[in-house]
Amino acid sequence: MSRLVGYGDLSGDGRADLLTVERSTGRLCLYTGTAAGTLGARTLIGNGGWNAMNALVGVGDLNGDGRAGLYAREAATGKLWLYPGRHGSLGPRALVGGGGWNAMDSLVANGDRSADGRPDLLATDGHWLFRYRGLSTGGVAAAEKTSATWWSLNGVF
């Protein structure tokens, strides 16, 4: 696997799930969480092409549809895409951030830090921590640079 992503509940059973990207094929797979705290069988939810993404972030309900979504950063362009969650799958992607996201080392879902009812996105550029408030469209607002430097915490995210 080239990527492992803690997602939240994609399957709709009330348990956290795991998404993976197969290194050799670029396929996206879902492993559902079980009542025993283990993972269920693998289900293919996305054909090849996911190796083109260099960051995947499972976040909460971004667009108000009651399902967690997935942010994916495209390596070649630096664009940020939203894949809305569906019952056991992902919906068609929507562009939520133009090129330039490759300037960020890390993208992290951290819940609703702004307390506006929508999940936010944190990012680091190697020196600074930025907060992007989630919008009702599933996109993010302009960056809010925090007062903290993060260069000395290499590898935190």
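Cluster annotation: Val57 and Tyr83 are assigned to distinct hydrophobic clusters (Ile/Leu/Val/Met/Phe/Trp/Tyr, side-chain heavy-atom contacts under 4.5 Å, transitive). Taken together through direct or relayed side-chain contacts under 4.5 Å among Ile, Leu, Val, Met, Phe, Trp and Tyr, Leu70 and Val96 form parts of separate hydrophobic clusters. No continuous path of ILVMFWY side-chain contacts below 4.5 Å connects Leu18 to Leu28, so the two sit in separate hydrophobic clusters.
The side-chain heavy atoms of Trp50 and Arg3, taken from C-beta on, include no pair separated by under 4.5 Å. For the pair Met1 and Arg23, the minimum side-chain heavy-atom distance is 4.5 Å or more. Looking at heavy atoms from C-beta onward, Phe130 lies out of side-chain contact with Thr124 at the 4.5 angstrom threshold.
Applying the salt bridge (Lys or Arg N to Asp or Glu O under 4.0 Å) criterion to Glu22, with sequence neighbours excluded, gives Arg27, Arg42. For Tyr71, there are no ring pair (Phe, Tyr, Trp, His ring centres under 6.0 Å) partners two or more places apart in sequence or in a different chain. For the side chain to side chain donor-acceptor pair (under 3.5 Å) test, no residue two or more places apart in sequence or in another chain qualifies with Ser24. For Tyr132, the ring pair (Phe, Tyr, Trp, His ring centres under 6.0 Å) partners are Trp101, not counting sequence neighbours. Judged as a salt bridge (Lys or Arg N to Asp or Glu O under 4.0 Å), and not counting sequence neighbours, the contacts of Arg131 are Glu144.
Residues Leu107 and Ala55 approach most closely at CD1-CB, 4.0 Å, considering heavy atoms. Residues Ala109 and Gly58 share a closest heavy-atom pair of CB-O, 3.3 Å. Across all non-hydrogen atoms, the minimal contact from Asp125 to Trp128 is OD1-N, 2.8 Å. Heavy-atom minimum distance, Pro92 versus Pro84: O-CD, 3.2 Å. Closest approach of Val21 and Leu56 over heavy atoms only: CG2-CD1, 3.6 Å. Closest non-hydrogen pair, Asp9 versus Gly12, comes out as OD1-N, 2.8 Å.
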Between Leu122 and Arg113, is a side chain to side chain contact (heavy atoms under 4.5 Å, CB included) present by the stated rule, with each step listed?
CA-CA 9 Å; Leu122 298 179; Arg113 294 182 53 85; 3.8 Å; yes
Determine, stepwise, if the pair Leu82 / Val59 fulfils side chain to side chain contact (heavy atoms under 4.5 Å, CB included).
CA-CA 10 Å; Leu82 165 64; Val59 291; 5.6 Å; no
For the pair Asn102 and Arg73, evaluate side chain to side chain contact (heavy atoms under 4.5 Å, CB included) and give the outcome as yes or no after the intermediate values.
CA-CA 8 Å; Asn102 278 335; Arg73 182 177 61 194; 3.4 Å; yes
Checking Trp81 against Leu95 for the side chain to side chain contact (heavy atoms under 4.5 Å, CB included) test, could you report, in this order, the C-alpha distance in whole Å, the side-chain angles of both residues, the deciding distance, and whether it holds?
CA-CA 5 Å; Trp81 297 94; Leu95 183 65; 3.6 Å; yes
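No donor-acceptor distance shorter than 3.5 angstrom exists from the side chain of His87 to the backbone of Leu10, with no hydrogens or angles considered.
Here the options are Asp116, Asp112, Asp120, the test is salt bridge (charged side-chain N to carboxylate O under 4.0 Å, His left out), and the partner is Arg133; only Asp116 passes. Of the candidates Asn51, Thr20, Thr25, Asn54, Asn51 is the only one forming a side chain to side chain donor-acceptor pair (under 3.5 Å) with Ser2.
As a member of the Ile/Leu/Val/Met/Phe/Trp/Tyr network built from side-chain separations under 4.5 Å, Leu44 groups with nothing else and remains a singleton.
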